[in-house]
> 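Starting off with a structure, shown below.
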Amino acid sequence: MFRLTICTFIFVLLITAVRAPGGGGGGGGGGGYRGGFISGGGRSRGAIGNSTNDGISPRNNTDFIHDSSPQNISQMSDPFKTGIWSFNYYQYGKSHGPYRMSLQFNHSSSIVTGRGTYDVGDFTMDGVFSSENFRLGINQRYIEGTGDANENLGHTSILQMAWNSNQNQFEGKWYVKTHKYTGNGNFHLRFEKTAMPLLYDDSAC
């Protein structure tokens with residue numbers, strides 16, 4: 001009976017460890033990941049994938065934005081607007097967000113930069129975009145020491161999206177791979193307004 005009790009206790013500990021939240025990989029948080037990149041409460045983008053390549057995009061950001069778009073974008077207005085954008089992502093069977101970030105698009109260099117914060121932690125953004133193909137590739141870099149220490153590993157999430165004119169938003173995927181977990185999922189980005197306030201205390205929409 002004593003041995004059975006000990007075995008049961010060890011089994012419960014193992015199950016708990018596998019499901020632990022984290023920017024280190026499980027249920028609770030992660031722009032961390034999600035790397036942010038990035039859940040129990042459903043905040044993290046850090047699921048452990050079925051393949052070691054689940055958290056790696058098949059293309060780098062530069063190659064991704066140069067892929068042709070299936071839409072007739074010549075008749076569309078430029079969606080790359082500097083200002084406040086809201087984002088949400090899908091992980092563990094449900095959508096999380098929306099949260100906010102500020103983005104600045106430099107049309108002469110096709111470079112995008114930005115920043116934001118939410119429960120996982122503060123993050124900066126840098127990437128590239130194509131006004132010809134209406135595609136966007138961003139590195140979302142989490143600032144270690146901010147937000148949830150269990151979920152924010154100071155990791156980077158890769159965000160790759162294409163414009164959906166019917167939904168009036170960018171749609172694509174996030175990719176995260178750290179020493180603790182790997183994963184990917186759907187990511188949506190929608191323009192809100194041109195104002196650019198500093199986002200520190202509360203970026204939830």
> With a 4.5 Å limit on heavy-atom distance, are the side chains of R115 and M101 in contact?
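No, their side chains stay 4.5 Å or more apart.
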> Looking at residues at least two apart in the chain, or sitting in another chain, which of them share a side chain to side chain contact (heavy atoms under 4.5 Å, CB included) with E144?
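Listed in chain order: nothing, the list is empty.
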> Distance check, rounded to the nearest 0.5 Å: L103 atom CG versus F87 atom CZ?
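Those atoms lie 10.0 Å apart.
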> Is there a path of hydrophobic side-chain contacts, each under 4.5 Å between heavy atoms, that joins V128 and L159?
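They do not share one cluster, since no chain of ILVMFWY contacts under 4.5 Å joins V128 to L159.
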> Measure from the side-chain N and O atoms of Y118 to the backbone N and O of G121, and report whether any donor-acceptor pair falls under 3.5 Å.
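Absent.
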> Looking only at heavy atoms, what is the nearest atom pair of W174 and V176, with distance?
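Shortest heavy-atom separation between W174 and V176 comes out as CE3-CG2, 3.8 Å.
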> Do you know which two heavy atoms are closest between S95 and N88, and how far apart they sit?
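Closest heavy-atom pair between S95 and N88: OG-ND2, 3.0 Å.
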> I need the minimum non-hydrogen distance between N152 and T146, along with the two atoms involved.
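So the minimum-distance heavy-atom pair works out to ND2-O, 3.0 Å.
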> In terms of hydrophobic clustering (I, L, V, M, F, W, Y; side-chain heavy atoms under 4.5 Å; direct or indirect links), are M125 and F191 co-clustered?
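Shared cluster, yes.
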> Please identify each residue that fulfils side chain to side chain contact (heavy atoms under 4.5 Å, CB included) with F80, with sequence neighbours left out.
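Partners of F80 by the side chain to side chain contact (heavy atoms under 4.5 Å, CB included) criterion, ordered by chain and then number, come out as D78, F105, H107, F129, S131, F134, L136, F170.
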> To the nearest 0.5 Å, what is the distance between OG on S86 and NZ on K193?
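If we round to the nearest 0.5 Å, S86:OG and K193:NZ are 11.0 Å apart.
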> I need the minimum non-hydrogen distance between Q169 and L189, along with the two atoms involved.
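Distance-wise, the nearest heavy atoms are CB-O, 3.4 Å.
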> Side chain to side chain donor-acceptor pair (under 3.5 Å) with T124: which residues, sequence neighbours excluded?
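T124 satisfies side chain to side chain donor-acceptor pair (under 3.5 Å) with no residue once adjacent residues are dropped.
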> Could you go through Q104 and T82, starting from their C-alpha distance and side-chain angles, then the distance that decides it, and tell me whether this counts as side-chain hydrogen bond (donor to acceptor under 3.5 Å, both in side chains)?
CA-CA 4 Å; Q104 182 172 0; T82 293; 5.5 Å; no
> For D126, give me all partners under side chain to side chain donor-acceptor pair (under 3.5 Å), at least two apart in sequence or on another chain.
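Partners of D126 by the side chain to side chain donor-acceptor pair (under 3.5 Å) criterion, ordered by chain and then number, come out as N139, R141.
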> Determine, using the 4.5 Å side-chain heavy-atom cutoff (strictly less than), whether W85 and Y99 are members of one ILVMFWY cluster.
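In one cluster with W85: Y99, yes.
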> When you measure from the side chain of N186 to the backbone of K173, do you find a donor-acceptor pair of N or O atoms at a distance under 3.5 Å?
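Answer holds: no.
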> Please give me the minimum heavy-atom distance between I84 and S102, naming the atom from each residue.
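I84 and S102 have their closest heavy atoms at CD1-CB, 3.9 Å.
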> Return the set of residues passing side chain to side chain contact (heavy atoms under 4.5 Å, CB included) with S109 (not counting sequence neighbours), or none when no residue passes.
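Side chain to side chain contact (heavy atoms under 4.5 Å, CB included) list for S109, sorted by chain: N106, I111.
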> Residues two or more places apart in sequence or in another chain: which of them pass side chain to side chain donor-acceptor pair (under 3.5 Å) with K81?
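Expected list: none.
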> Measure the shortest side-chain to side-chain distance between V120 and F123 over non-hydrogen atoms and say whether it is less than 4.5 angstrom.
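Result no, sub-4.5 Å side-chain heavy-atom pair not found.
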> Going from NE2 on H66 to CG on N133, what distance comes out if it is rounded to the nearest 0.5 angstrom?
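Answer rounded to 0.5 Å: 7.0 Å.
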> Look at the aromatic rings of H155 and Y142 and report parallel, tilted or perpendicular, splitting at 30° and 60°.
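H155 and Y142: parallel rings.
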> Looking only at heavy atoms, which two atoms of Y175 and P58 are closest? And how far apart?
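Looking at all heavy atoms of both residues, the closest pair is OH-CD, 3.9 Å.
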> Less than 4.5 Å apart, side chain to side chain, heavy atoms only: is that true for M161 and F187?
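A side-chain contact exists here, since the closest heavy-atom pair is under 4.5 Å.
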> Verify whether one side chain among N61 and Q160 offers a donor that lies under 3.5 Å from an acceptor in the other.
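Present: a donor and an acceptor within the cut-off.
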> Heavy-atom distance under 4.5 Å between the side chains of N168 and R190, does that happen here?
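Yes, close enough: below the 4.5 Å cut-off.
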> Under the side-chain contact (heavy atoms from CB on, under 4.5 Å) rule, what do L153 and K180 come out as? Steps first, then yes or no, please.
CA-CA 9 Å; L153 302 181; K180 289 188 175 182; 4.2 Å; yes
